[in-house]
Amino acid sequence: MSSSIPDIGRTIDAIWRIESPKLIAGLTRMVQDVGLAEDLAQDALVIALERWPASGIPDNPGAWLMTTAKRRAIDLLRRNKLRDRKYEEMTRGAELYTEEDMDRHMDGGDR
């Protein structure tokens with residue numbers, strides 16, 4: 001069995017070389033950020049490297065990588081949207097200060 005591990009590693013490497021440009025291009029269209037798309041693609045590769053030696057290479061490895069990366073992208077987009085909503089809620093309740101208010105406070109006039 002140990003002889004199959006290097007073989008699967010070479011196979012995954014070959015799959016990655018073929019699929020990564022399509023994967024990154026598709027993810028870039030989804031997230032509008034090449035750097036983030038590359039990170040998501042790399043995350044999918046890491047998951048494949050962890051899982052495929054035990055479970056075997058899927059019938060359509062490119063689709064598997066894309067699905068895995070898209071799920072990570074969706075999770076990230078949801079987390080960011082929730083974070084942004086919470087920031088918006090926090091600032092809605094906060095008092096807004098003008099530059100004059102800050103100057104007055106700094107000069108000791110607001111004590």
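Just the heavy atoms: all of them, side chains too, but no hydrogens, waters or symmetry mates, feed the values below.
For the atom pair CG of L27 and CE of M66, the computed distance is 5.0 Å after rounding to the nearest 0.5 Å. Separating the CZ atom in R85 from the CG atom in N80 is a distance of 12.0 Å, to the nearest 0.5 Å. The distance from atom CG of D43 to atom CD of E38, rounded to the nearest 0.5 Å, is 12.0 Å. Here the CD1-CG distance, from I12 to D7, works out to 11.0 Å after rounding to the nearest 0.5 Å. To the nearest 0.5 angstrom, L40 atom CG is 12.0 Å from K70 atom NZ. Expressed to the nearest 0.5 Å, how far OH of Y87 lies from CG of L82 amounts to 10.5 Å.
Contact check for I57 versus T11: side-chain heavy atoms found under the 4.5 Å cut-off. When side chains are defined from C-beta on, P61 does not count as touching W16, because their heavy atoms never get closer than 4.5 Å.
Both I74 and L45 sit in one connected hydrophobic cluster of ILVMFWY residues. Membership requires side-chain heavy atoms under 4.5 Å apart, directly or through other members. Taken together through direct or relayed side-chain contacts under 4.5 Å among Ile, Leu, Val, Met, Phe, Trp and Tyr, V34 and L36 form parts of separate hydrophobic clusters. When hydrophobic clusters are built by joining Ile, Leu, Val, Met, Phe, Trp and Tyr residues whose side-chain heavy atoms come closer than 4.5 Å, directly or via intermediates, I15 is not grouped with I24.
Heavy-atom contacts from other residues, nucleotides or ligands closer than 6.0 Å to CZ of R78 number 12 or fewer. Other residues, nucleotides and ligands contribute over 12 non-hydrogen atoms within 6.0 Å of the CG atom of D84.
Using a cutoff of 4.0 Å between basic side-chain nitrogens and carboxylate oxygens, K22 and E19 are scored as salt-bridged. The residues R71 and D75 are annotated as not salt-bridged, no charged nitrogen and carboxylate oxygen being separated by less than 4.0 angstrom.
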